Amino acid sequence: MFTTTALKNPRRYFEEIGADRSSIAEQPPVCLYLEVTNRCNLLCETCPRTFEELEPPADMSWELFTRIVDQVPDIARVVMHGVGEPMLVKTLPDMIRYLKARGTYVLFNTNGTLMQPKRFQELIDTGLDELRVSLDAADRESYAKIRGKDFFNRIVRDVGKFIAYQQQVGSTTPRVSLWLTGLKETVDQLPEFVRLAARMGVTEVHLQRLVFDESGYGKAMAGNSLFESMRDEERQAIEAAQALAAPLGVTLDASGATEPGLSLKRQDDRAWAACRRPWSLMYFTAHGRALPCCIAPFSVRGYSNYTLGDATQQDLLDIWNSPAYRAFRTSLLSDAPPAPCQNCGMRWSL
């Protein structure tokens, strides 16, 4: 049985769902990933949208948003991001309020460039549960190389102001966290990244694993990955960050709420077989295309290779146990998983 506690504990969330797995999902999804936009104001070197047009630029329409959400009225958790920047969407506050009115746990990832003070109270008033800020560097120069534009000082300033404003008005939500994608060229910044978070007032830091397809793009290449290939100095940087975190009042986790060192090791030759996402969640692009999860766009090119349905033309529950979804689940449980899953671990993302 899915529990409210698991909403806030990603490890339990993915372990409690789909214990008895077959090609058919007996229960409706408990989580939706809604790509409220595929537009972005950055050109990140680790993101596929920088290097190819996955779909035509668009925001998810209000009609499509409500059509999807209303088909799962008791949805427990909604993640409102994909390959774009959610805070570009004018209707984002209304979308959050629409979900919170039914008791849904709501979060999204932002690049933090649009965290102006004039938006602080509105963001709090929506009832948003979590705000995840992807910063990816501890200094301005490294940030510009990875993110494609120079917004580092603005983000640090404005996110810090938001934390101070929350404290001023006595608001404990949204819970703010800071995220760094682990690259060989930046992992040595992790201790300073923890210090930076503490100076900003952020008490939660996550190290996220780099995801890339076989050919790679930008900095999303095998040579930049820490997964299964950490050197001693990289382990030392992680250990130094862990030693710093607790005294500074910062929690340091890897994506999936695992210990960072553990997250960067392959735990099983068939790690994909442990995944429960195809039995627990549905992901929809801004155009309504159903994808297996948020990792797929980063791990394999070409949406046509792993599209499982179309929310503009089909009902969600028809997609959920369609021949395409059933074939995907069957393949995931085999020794020959679907292409997006071949190099994936269970907890690459939350």
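All of these numbers come straight from a predicted model, not from anything done at the bench.
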Rounded to the nearest 0.5 Å, what separation is found between the [atom1] atom of [X] and the [atom2] atom of [Y]?
{"X": "Asp310", "Y": "Thr285", "atom1": "CG", "atom2": "OG1", "value": "8.0 Å"}
{"X": "Leu114", "Y": "Asp158", "atom1": "CG", "atom2": "CG", "value": "9.5 Å"}
{"X": "Arg97", "Y": "Thr126", "atom1": "CZ", "atom2": "OG1", "value": "7.0 Å"}
{"X": "Cys40", "Y": "Lys149", "atom1": "SG", "atom2": "NZ", "value": "8.0 Å"}

In one Ile/Leu/Val/Met/Phe/Trp/Tyr side-chain cluster, 4.5 Å: [X], [Y]:
{"X": "Val300", "Y": "Phe51", "answer": "yes"}
{"X": "Ile75", "Y": "Leu317", "answer": "yes"}
{"X": "Ile24", "Y": "Leu308", "answer": "no"}
{"X": "Leu43", "Y": "Met87", "answer": "no"}

Can you name the one residue among Leu92, Ile68, Asn38 that meets side-chain contact (heavy atoms from CB on, under 4.5 Å) with Met60?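 Testing each of Leu92, Ile68, Asn38 against Met60, the sole residue satisfying side-chain contact (heavy atoms from CB on, under 4.5 Å) is Ile68.
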
Take a 6.0 Å sphere around [atom1] of [X] and say whether it holds more than 12 heavy atoms from other residues, nucleotides or ligands.
{"X": "Gln116", "atom1": "CD", "value": "yes"}
{"X": "Glu141", "atom1": "CD", "value": "no"}
{"X": "Lys100", "atom1": "NZ", "value": "yes"}

Decide yes or no for [X] and [Y]: does some side-chain heavy atom of the first lie under 4.5 Å from some side-chain heavy atom of the second?
{"X": "Pro174", "Y": "Asp129", "answer": "no"}
{"X": "Tyr303", "Y": "Glu55", "answer": "yes"}
{"X": "Thr46", "Y": "Leu183", "answer": "yes"}
{"X": "Thr307", "Y": "Leu291", "answer": "yes"}
{"X": "Gln121", "Y": "Tyr165", "answer": "yes"}
{"X": "Ile146", "Y": "Thr186", "answer": "yes"}
{"X": "Leu333", "Y": "Arg21", "answer": "yes"}
{"X": "Arg195", "Y": "Leu244", "answer": "yes"}

Hydrogens and angles aside, do [X] and [Y] bring a side-chain donor and acceptor to less than 3.5 Å of each other?
{"X": "Glu35", "Y": "Tyr283", "result": "yes"}
{"X": "Tyr105", "Y": "Glu130", "result": "yes"}
{"X": "Asp318", "Y": "Gln314", "result": "no"}
{"X": "Ser177", "Y": "Trp179", "result": "yes"}
{"X": "Thr172", "Y": "Gln166", "result": "no"}
{"X": "Asp94", "Y": "Thr91", "result": "no"}

Under the 6.0 Å and 45° cation-pi test, does Arg329 pair with Trp320?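 Positive - Arg329 is close enough to the ring of Trp320 and near enough to its axis.
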
Lys/Arg-Asp/Glu bridge criterion (N-O < 4.0 Å) met for Arg102, Asp70: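 Looking at Asp70 together with Arg102, the answer is yes, because their closest N to O distance falls below 4.0 Å.
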
Salt-bridge test for Glu204 and Arg175: reply yes if a basic N is under 4.0 Å from a carboxylate O, no otherwise.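 Arg175 and Glu204: salt-bridged.
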
Check: Tyr98 ring centroid to Trp62 ring centroid under 6.0 Å: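 They qualify: ring centres under 6.0 Å apart.
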
Backbone N or O of [Y] within a donor-acceptor pair of the [X] side chain at under 3.5 Å?
{"X": "Gln71", "Y": "Arg67", "result": "yes"}
{"X": "Arg301", "Y": "Leu54", "result": "no"}
{"X": "His287", "Y": "Pro56", "result": "yes"}
{"X": "Ser331", "Y": "Phe328", "result": "no"}

Can you see which heavy atom on Gly112 is nearest to which on Glu85, and at what distance?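 Residues Gly112 and Glu85, closest heavy atoms: N-OE1, 4.5 Å.
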
Under the side chain to side chain donor-acceptor pair (under 3.5 Å) test against Ser134, which residue among Asn111, Thr110, Asn109 passes?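 The residue from Asn111, Thr110, Asn109 that satisfies side chain to side chain donor-acceptor pair (under 3.5 Å) with Ser134 turns out to be Asn109.
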
May I ask you to decide if the ring planes of His81 and Tyr33 are parallel, tilted or perpendicular, using 30° and 60° as cut-offs?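 Answer is perpendicular, since the angle exceeds 60°.
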
